[in-house]
Amino acid sequence: APKAAPAPSRPSKQYSVEQFMATTKLSGASFSPDEKRILFSSNESGIFNAYTLPLTGGKAKALTQSKTDSTYSVGFFPKDERILFTRDQGGNEHNHLYVRTPDGKDRDLTPGEKLKAFFVTFNQDDSAFYALTNERDARFFDVYRYDAKTYARTLVYQNDQGFNFADVSLDGRWLAFNKPRTNYDTDIHLYNVETKELKHITPHQGDVYFSASTFDPGSTALYFLTDQGSEFKRVARYELATGKVEDVERADWDVMYTSFSRKGGYRVTAINEDGRTVIRVHDVKAGKPLALPQLPAGDITSVSISDSEKRMAFYHNGDRSPSNLHLYDFGTKKITRLTDTMSRDIQTEDLVDAEVVRFKSFDGMEIPNIIYKPHQATASAKAPAIVWVHGGPGGQTRKGYSPVLQYLVNHGYVVLGINHRGSSGYGKSFYTADDQKHGREPLLDCIEAKKYLASLPYVDAERIGIAGGSYGGYMTLAALAFHPDAFKVGIDIFGVSNWLRTLKSIPPWWESQREALYKELGDPAKQEQLLRDISPLFHAEKISKPLLVLQGANDPRVIQPESDEIVEAVKKNGVPVEYVIFPDEGHGFTKRKNEVEAYSRMLGFLEKHLKAAGPAPVN
Ligand SMILES: CSCC[C@H](NC=O)C(=O)N[C@@H](Cc1ccccc1)C(=O)O
């Protein structure tokens, strides 16, 4: 494991929430047709908008100027200056697909109420592109082909089977769909657009994960991920002409994705190596991975290779450095950093590196975690601590820069990002170990995480809290309700309090996942008692520790009554409860003003109810 970077030789400087949130967040990368500029999304203005930046560097230019709804770039048209972008309304996840013409005019390509749409890809000669919308049936996404000039569209596939679309071949002949039975037992179906034949290509016995990733650019094979006969996912391919299947690439960990450059010269694979992303770029003709120049320790993400295959854009981030856009030149083999997103006021030496640590849980299962230790925490100046629980349930806390976690650490809190059983990235057995056991075994892992923290010489065992978002918010509420003495405080960020209601009210577009979700968590029609037993709302009278709840009013996944009702119930216990509703957010905070409000409320709550409950703070 990499050694943590040293603390500064002076006392660490403390920064405000505004200073931490002034870090710019970027996402996406698409080359302009002349490969002189790059299109991406940035929250530089306080809200996400689409920007372009010359490859020679300089200042980014905003193409969209939304002040109300977070707006994300999708990509340039391959042969002209039009761009595609997407936005929802206040976090409701009704994403529409828009085109912006060089004269600054926008056109909604997916008009209508309460629909959700995704861009897929352009076809081989760029005369058309594909998009998905659920406008016909809110439950399922149909596949449309749009003329790239007129935007006239045709329905290519009416999805009545509840398939999850995966890819379309560049020649337009093939569509690949995934069909989940459970989260770990899935199938691939192949549709021939010309013959209209649908073929199930992954007949199998037992629980096996098959997930179509991409067609090769020559439209000869479908590349997919599978864990057949293994704990971990690898890359395999299915030859379209013959149906022959062969393994392509494996690692000692899960392969996260594999994708081709448009001409097929390169294939990029990402591997989830113990909480960080490792990228392999394969030279397809040479049949071997490229040796890329060394970068500082950290992750490469969002790799995008230009159509000429002369350039590659990607993001790089480290534990102490936020994601920055980089450019690799295949000719000169040089990497150039194009952006500088770190908040101007923050010196990276005041931040901390994350480390992977493992403890044995109550039944001997090994639990991986990512820990952040404040520089000033020592055996003689013990720090308060927080168990931080990710969403999902099958998410993962990963290494890399997190402004909110660094903010808490900078203010003296040890943070342990637990990857309890059921988290992604550690094999099939670990991933499925929480199924139908929510509120019990994975929650006990969080209780053991508290014991682990309490055993560390630099942690004050009397001042340990729990916090998390969504499923992590559920874990927080469950810990306070079912293990009322374990933690001193809880922070529930849009967490589930009543699984019966949440599982009945899932967004309609999750229909294809409904069965898998019910198999994982419980079926509200058949397992009412189980879901009552594990739902904190029905046990709220046991909550006796201070609670902070944060909720987006437009969240379609964990709806506002989940938070309203737990707040009302816990208040009856005479317990300190703080509640903040964000009227213009959904399942997550996307606007800087809301991040500032949410995270300063978090710190204020911790300072009052956790830090102040112990010895004088150290610095
Ligand atoms: C399409 S089902 C997967 C649920 C999804 N998982 C990935 O993050 C999700 O949004 N989970 C919520 C929690 C939740 C689970 C089930 C029903 C509603 C909400 C989360 O972000 O943790």
Side-chain angles (χ1 to χ4, degrees), residues 88 91-93 95 116 118 132 134 138-141 162-166 178-186 209 211 256 272 388-398 417-425 431-432 434-439 442-443 446 466-479 491-525 527 530-531 534-537 549-552 554-563 565-566 585-590:
D88 69 2
N92 65 2
E93 299 188 23
N95 286 82
K116 187 171 174 66
F118 298 96
L132 314 176
N134 66 344
R139 298 172 306 160
F140 304 134
F141 292 90
F163 287 152
N164 288 333
F165 175 86
N178 296 319
K179 176 85 181 153
R181 226 182 327 276
T182 64
N183 292 334
Y184 47 90
D185 184 19
T186 57
Y209 180 86
S211 177
M256 299 160 80
N272 184 353
W388 183 268
V389 195
H390 61 68
Q396 185 185 27
T397 294
R398 301 169 59 78
I418 183 173
N419 286 315
H420 52 76
R421 68 193 66 196
S423 304
S424 293
Y431 180 64
T432 54
D434 65 342
D435 290 1
Q436 297 263 329
K437 292 180 179 157
H438 300 279
L443 179 59
C446 296
I466 182 164
S470 195
Y471 180 81
Y474 160 69
M475 283 283 228
T476 299
L477 295 173
I491 301 179
D492 159 28
I493 310 164
F494 42 82
V496 175
S497 66
N498 176 354
W499 280 114
L500 263 179
R501 172 181 40 217
T502 293
L503 291 169
K504 280 184 196 155
S505 66
I506 57 170
W509 58 88
W510 280 9
E511 185 60 31
S512 61
Q513 298 286 126
R514 181 192 288 274
E515 209 186 312
L517 197 58
Y518 287 3
K519 286 212 172 104
E520 152 111 62
L521 283 146
D523 183 335
Q527 294 177 286
L530 174 133
L531 292 170
I534 66 164
S535 291
L537 186 63
V549 178
L550 308 175
Q551 174 73 44
N554 308 319
D555 189 339
R557 307 181 190 205
V558 178
I559 57 178
Q560 195 185 314
E562 289 293 304
S563 292
E565 290 178 18
I566 194 78
E585 295 282 13
H587 199 66
F589 308 120
T590 63

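Because only heavy atoms are used, hydrogens play no part in the values below, and waters and symmetry mates are left out as well, while side chains stay in. All ligand and atom numbering here is 1-based and tracks the order in the structure.
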Exercise for the section: Sequence neighbours left out, what passes side chain to side chain contact (heavy atoms under 4.5 Å, CB included) with A479? Give chain and number order. Expected result: L443, I466, F487

Practice task
State, yes or no, whether a side-chain contact exists between F589 and F494 at a heavy-atom distance under 4.5 Å.
Solution key: yes

Handout entry: Counterpart residues, side-chain hydrogen bond (donor to acceptor under 3.5 Å, both in side chains), relative to D555 (two or more places apart)
Key = H587

Exercise for the section: Could you check if a side-chain atom of P556 sits within less than 4.5 angstrom of a side-chain atom of N92, using non-hydrogen atoms only? Expected result: no

Practice task
Decide ring-ring contact (aromatic ring centres under 6.0 Å, His included) for H438 and Y471; before the verdict, give the C-alpha distance in whole Å, the side-chain angles of both, and the deciding distance to 0.1 Å.
Solution key: CA-CA 10 Å; H438 300 279; Y471 180 81; 5.4 Å; yes

Short N or O separations between ligand 1 and the protein, below 3.5 Å:
{"from": "ligand 1", "atom 1": "6 (N)", "to": "G392", "atom 2": "O", "distance (Å)": "3.2"}
{"from": "ligand 1", "atom 1": "10 (O)", "to": "R557", "atom 2": "NH1", "distance (Å)": "2.7"}
{"from": "ligand 1", "atom 1": "11 (N)", "to": "G392", "atom 2": "O", "distance (Å)": "2.8"}
{"from": "ligand 1", "atom 1": "21 (O)", "to": "S470", "atom 2": "OG", "distance (Å)": "2.7"}
{"from": "ligand 1", "atom 1": "21 (O)", "to": "H587", "atom 2": "NE2", "distance (Å)": "2.9"}
{"from": "ligand 1", "atom 1": "22 (O)", "to": "G392", "atom 2": "N", "distance (Å)": "2.6"}
{"from": "ligand 1", "atom 1": "22 (O)", "to": "S470", "atom 2": "OG", "distance (Å)": "2.6"}
{"from": "ligand 1", "atom 1": "22 (O)", "to": "Y471", "atom 2": "N", "distance (Å)": "3.0"}

Problem - Contacts of type side-chain hydrogen bond (donor to acceptor under 3.5 Å, both in side chains), residue S497, not counting sequence neighbours - result: E562

